[in-house]
Trainee: 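Below are the structure tokens for one structure; questions will follow.
Throughout, residue positions are numbered sequentially from 1 according to the sequence presented.
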Amino acid sequence: MKEASLQVQGMTCRSCVPRIESAINEIGAEGHVNFEQGTIDVRFDEDKIRISEIEEAIRKKGYNVLA
């Protein structure tokens with residue numbers, strides 16, 4: 001499993017956390033959002049998911065992602 005930490009911009013309240021985490025889960029990755037730091041730590045199988053797919057899933061929910 002590969003691990004990465006991404007900076008997420010645009011989270012305005014704690015209800016953003018489950019929206020982002022569920023977007024990650026839907027594509028087969030695991031993620032834990034730290035609202036205070038504005039980050040998400042993700043775990044994923046590199047053979048099945050690319051980091052760009054994780055970033056795109058977050059962007060589709062309306063947030064900006066910085067690697």
Trainee: Taking only residues two or more places apart in sequence or in another chain, which ones pass salt bridge (Lys or Arg N to Asp or Glu O under 4.0 Å) with R50?
Mentor: none

Trainee: Nearest heavy-atom pair of S15 and C13: which atoms, and what distance?
Mentor: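 Smallest heavy-atom distance, with atoms named: OG-SG, 2.9 Å.
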
Trainee: To the closest 0.5 Å, what do you measure between NZ (K61) and CD (E26)?
Mentor: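 That separation rounds to 5.0 Å.
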
Trainee: For D41, check side-chain contact (heavy atoms from CB on, under 4.5 Å) against everything at least two apart and list the hits.
Mentor: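 If we apply the side-chain contact (heavy atoms from CB on, under 4.5 Å) test to D41, skipping adjacent residues, the hits are S5.
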
Trainee: Any side-chain heavy-atom pair from I54 and V65 closer than 4.5 angstrom?
Mentor: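 No, their side chains stay 4.5 Å or more apart.
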
Trainee: Quick one: are F44 and E53 in side-chain contact, heavy atoms under 4.5 Å?
Mentor: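 F44 vs E53: side chains apart.
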
Trainee: Mind listing the closest non-hydrogen atom pair of I51 and A4 along with its distance?
Mentor: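 I51 and A4 have their closest heavy atoms at CD1-CB, 4.0 Å.
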
Trainee: Do M1 and D45 have side chains that approach each other closer than 4.5 Å (heavy atoms only, starting at C-beta)?
Mentor: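 Contact flag for M1/D45 side chains = yes.
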
Trainee: Which atom pair, heavy atoms only, marks the closest approach of I49 to I27?
Mentor: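 Heavy atoms of I49 and I27 come nearest at CD1-O, 3.1 Å.
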
Trainee: Working to the nearest 0.5 angstrom, can you tell me the gap between T39 OG1 and N34 CG?
Mentor: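 One gets 4.5 Å once the value is rounded to the nearest 0.5 Å.
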
Trainee: Do M11 and V33 come close enough that some side-chain heavy atom pair is under 4.5 Å?
Mentor: yes

Trainee: Please round to the nearest 0.5 Å and tell me the distance separating atom CG of L6 and atom OH of Y63.
Mentor: 15.0 Å

Trainee: What's the spacing between I40 CD1 and E30 CD if we round to 0.5 Å?
Mentor: 11.0 Å

Trainee: Residues in salt bridge (Lys or Arg N to Asp or Glu O under 4.0 Å) with E46, at least two apart?
Mentor: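 If we apply the salt bridge (Lys or Arg N to Asp or Glu O under 4.0 Å) test to E46, skipping adjacent residues, there are no hits.
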
Trainee: Looking at Q9 and L66, would you say the former's side chain and the latter's main chain have a donor-acceptor pair under 3.5 Å?
Mentor: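 Checking the backbone N and O of L66 against the side chain of Q9, no donor-acceptor pair under 3.5 Å is found.
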
